[in-house]
Structures are given as structure tokens and as C-alpha cells.
Number of protein chains: 2
Amino acid sequence: MRYFQRTFHKMPKLEIPRKAVYRLSLYYRALQRLKGNAVETVSSAALAKVAGVKPTQLRKDLAYFGQLGTRGLGYSVAHLAQTLREALGTARLQPVILIGVGHLGSALVRYRGFEKEGFEIVAGFDADAESIRRDELGLPVLPMTQLRSFIQDRQVKLAILTLPVTVAQEVTNSLVENGIQAILNFAPTVLQVPDGVVVNNVDLAIELENLSYFIR
Amino acid sequence: MRYFQRTFHKMPKLEIPRKAVYRLSLYYRALQRLKGNAVETVSSAALAKVAGVKPTQLRKDLAYFGQLGTRGLGYSVAHLAQTLREALGTARLQPVILIGVGHLGSALVRYRGFEKEGFEIVAGFDADAESIRRDELGLPVLPMTQLRSFIQDRQVKLAILTLPVTVAQEVTNSLVENGIQAILNFAPTVLQVPDGVVVNNVDLAIELENLSYFIR
DNA sequence: CTGTGTGAAGGCTTTCACAGCC
DNA sequence: GGCTGTGAAAGCCTTCACACAG
């Protein structure tokens, strides 16, 4: 996971703490639920409780985007949700490609939980593309040779990596060369990428080891 | 993810920073690779590079466990690996249960990357246990009614949750009641647990949203 | 001379306390 | 009175600088 300085066209005046961005997603989720229950305004205390954080922290996080609440009243659920959507860049559907269509990759494709959050997996890539039953997935599965043209034609910026460690770095280099700017990496290895490319790691063994440490 | 105070029987004198524990896993992985290449000693600079951290940070992290290195020389690969194994509690194989044997759950079972890290998924549980083709998984899949006896008989402390949001909290309560101490949660919701129970969340939509934020 | 161990400094994040607005 | 917005304080983690051991 990396963090870097940027000039934003409009959004925040100050640079937002890295961890705060994660929390924005939690707030957004909580707001969706409130919206479903036809709630119109919510206090920082109530929203923070659902998101599992302290009220002051929530207010600090939101303050990066200006004065969003009304004193004495709280936040407008609809307005705040919209602001967060735009801040997170999920106001428009983002195309994502998935590299490595094995067990885990296939499960992620079928998971479908991404779409309502603003992401669409538009294609899978695999070294052995021929052998994959693509109709079961409802997704085109292409050979790696088509990576370059696909990324460039479709202007894809986001990739999910569900590959064996042995080829992860090599494929990453190729992704970066072709214009991918952000990678969600499931391979249990530290990827080397140039500045300006962001990697988030999801490492299941590390999560288990971490839990294991705290059990006694 | 939660953090809490504990009295440890032996390990560290001081409390280890929460994030440092994650890095211990990275170091351990890197050491395994060095071991494979028959490397006997390694400097903090070399090990840190592979793990993607700064040498001073690595030394600070390791210092929590006492004087592990030799000045002027570095660390013994074998000895350090063993120390980390014990610290992380993966020196012995830990039994893990998986709750919710859908697409994602099945993919995790088949993934098998856990075993060499010291974890064994010993059973799956599902509300609809009957309908799951258990021979393809090579894993017993049991109905939820057997949760209690299984956890208690096998002394299971770790659970992986791959369930829909709607039932996640309810099942969590049941797990905690029956003695589960740590949960790796894939459901996109904030679980409420009592003190003494640790939850690590793996939330794919949040990871994507986070990446999306940093793309411009 | 090499490379670890560590107090001290620095930087980042969270929490507090309360001013300010509805 | 209720609840947000925010400077200041506290807490936590990382990095530095260097003493010290081999």
C-alpha cells in the first residue's frame, strides 16, 4: 500500500490522512443503509456508531471536504453520500480487469458485490485462457498477449491480481507499462512499482498470522 | 480490526505496536525464501529490502523480542525464523473453521496456501450444508447446528467468515459464545464483538474504493 | 570497520475541549 | 440545547543518530 502527494482538481484543500480514506468507505456504506431506511439526517454520533469509530474522528474526516453538516442538526444523508461517492471516485462505474482466473479469481468474478459499489470487472486475463470455461463466468477471458491493447482501448486503470507469486512481479511490470495505475494484489509478495502506481495488498496468510498472534 | 492489552507468558517485554505484528509476517516470509537459497545470515538492510521496509524499522521490530542479531554480522536466518514462528503462534498447526461455503469460501478452501503457513481449515459450516458437494472440496461441510460441539471438541479458536452481510452478526455472536477468539471477516460489515475477541476485516469493495481514490 | 540495539527526535493520527452556529 | 468544526494536546509509530559489540 502506498501513499503519495497529488494536486486534486477540486476535492480536498488539505491532504487527507491515508487511513481516513478507508473510513470514508465505511461511512458511505453506513449512509447507504440509512438511505434504505428513509433516514434523512444523521448525527456524527449515530453515524460513527454504525461505522465503528469515534464521533470526533468522523467529524475530522469529513471536515477535510468542507462544511458538510449543519450545527445542531447533523448531516444530510443524501448529500453526504453523494459527496463521498465523488471523493472516492465511484460516482461513475470504473472498469477493472482481473489477472489470473484460477479458483480465487473466479470466485471474485462471481462475487458481484463490486457492482453496486461502482466497479465492473470487464475482462479476465490468463496465461491459459483457452482452458477456462468462460460461459460459466459470464466474462470474456483473454490471453495475456491482449493485455496491452485491451488496457489502452478501454482506458482501464485498475487491476486485480490473483496469480501465483512466481509470476506476480513480471505481470505487474507489464501492467504498469501499459498504463495500469492501481493494483489490488492477492499474491503473497511485496510488489515493486514505480511512484504514481498504488498497490493494496490482501494477504490472507498474513491476516491469519496476525490473528494468531493475538490469541493466547 | 481490534487491539487489546494482554499479559504474555514469555514473549515480549514491551507491548508490540499493532502494525509491527503485520510486518513480522513479511519478515518471516522473506526468511523462508532465504532459507530456500541456503543463506545462513542476513543483515537488517538486506532483509528489510525484501520485506519492503526500512532497515531501522526492522531492527526496532525485532528488538521487541530481545537481542536476536549479532553486531557486525547480522541475523541467523534459521534462528530468526524460528523466533518469529513462535511469536506468531504458528509453530504448531492451528485448526481453523470456515463459515459459509459459497463461491468465495470454496475458493479459500481450495487455495491451500495456508497450510505451509501453519493453518489448517478443518471443517466448513453452512446453513445449507446438504447441498454442497463436499467431495470436491476434500473437507467436511457441517450444518450450523454442529458448530457448538465441533468448536468445543476440537478446541478451535480461529474462524473465517465468508457469509452474506445479513447473517454475519448473528453467526458471529454464536461463534463468540462457543469460544472462538479470532475472526477473519470477509462480510462487508463492522462486526460487534466483546473485548478479548479479535476481528480482522478483508473488505474487497473498500480496497477497490481506496485505490479508486488515489487514481486521478 | 561492519552492522545491531536504542534513546531521542520527528511526524502522523487520534482525541480532547470548547467555540460557534442553528 | 444540540451538534458541528477545529485548534491544541496527547498518543502512537517511524526515523534518526550514534553508542557499542564483534
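First the proteins, then the strands, lettered A, B, ... as listed; each starts at 1.
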For residues 40-53 of chain B, which residues have at least one heavy atom under 4.0 Å from DNA chain C? B:Ser43, B:Ser44

Taking only N and O in the side chain of B:Lys19, is any of them less than 4.0 Å away from OP1 or OP2 of D:dC13? no

Of the candidates D:dT6, D:dC16, D:dC13, the side chain of B:Arg18 sits closest to D:dC13

Within the distance-only criterion (no hydrogens, no angle test), does the side chain of B:Asp126 pair as donor or acceptor with the backbone N or O of B:Val101 below 3.5 angstrom? yes

Separation of atom NZ in B:Lys54 from atom C1' in C:dG11, rounded to whole Å: 12 Å

Ignoring hydrogens and angles, are the base of C:dT15 and the side chain of A:Lys60 linked by a donor-acceptor pair under 3.5 Å? yes

Look only at the side chain of B:Ser76 and the backbone of B:His79, and say whether a donor-acceptor pair between them is shorter than 3.5 Å. yes

Can you tell me if A:Arg59 touches the phosphate of C:dC16, counting only side-chain N or O atoms and a distance under 4.0 Å to OP1 or OP2? no

What ring-ring contact (aromatic ring centres under 6.0 Å, His included) pairs are there with at least one residue in residues 148-204 of chain B, not counting sequence neighbours? B:Phe125-B:Phe150

Could you list the residues that satisfy salt bridge (Lys or Arg N to Asp or Glu O under 4.0 Å) with A:Arg85, not counting sequence neighbours? none

Where along residues 68-81 of chain A does a heavy atom come under 4.0 Å from DNA chain D, residue by residue in number order? A:Leu68, A:Gly69, A:Thr70, A:Arg71, A:Gly72, A:Leu73, A:Gly74, A:Tyr75

According to side chain to side chain contact (heavy atoms under 4.5 Å, CB included), who are the partners of A:Thr172, at least two apart in sequence or on a separate chain? A:Leu161, A:Gln169, A:Val176, A:Ile183, A:Leu191, A:Val193

Within less than 4.0 Å of OP1 or OP2 of C:dT6, is there a side-chain N or O belonging to B:Gln67? yes

Any pair counted as side chain to side chain donor-acceptor pair (under 3.5 Å), so long as it reaches residues 93-102 of chain A, sequence neighbours left out: A:Gln94-B:Ser212

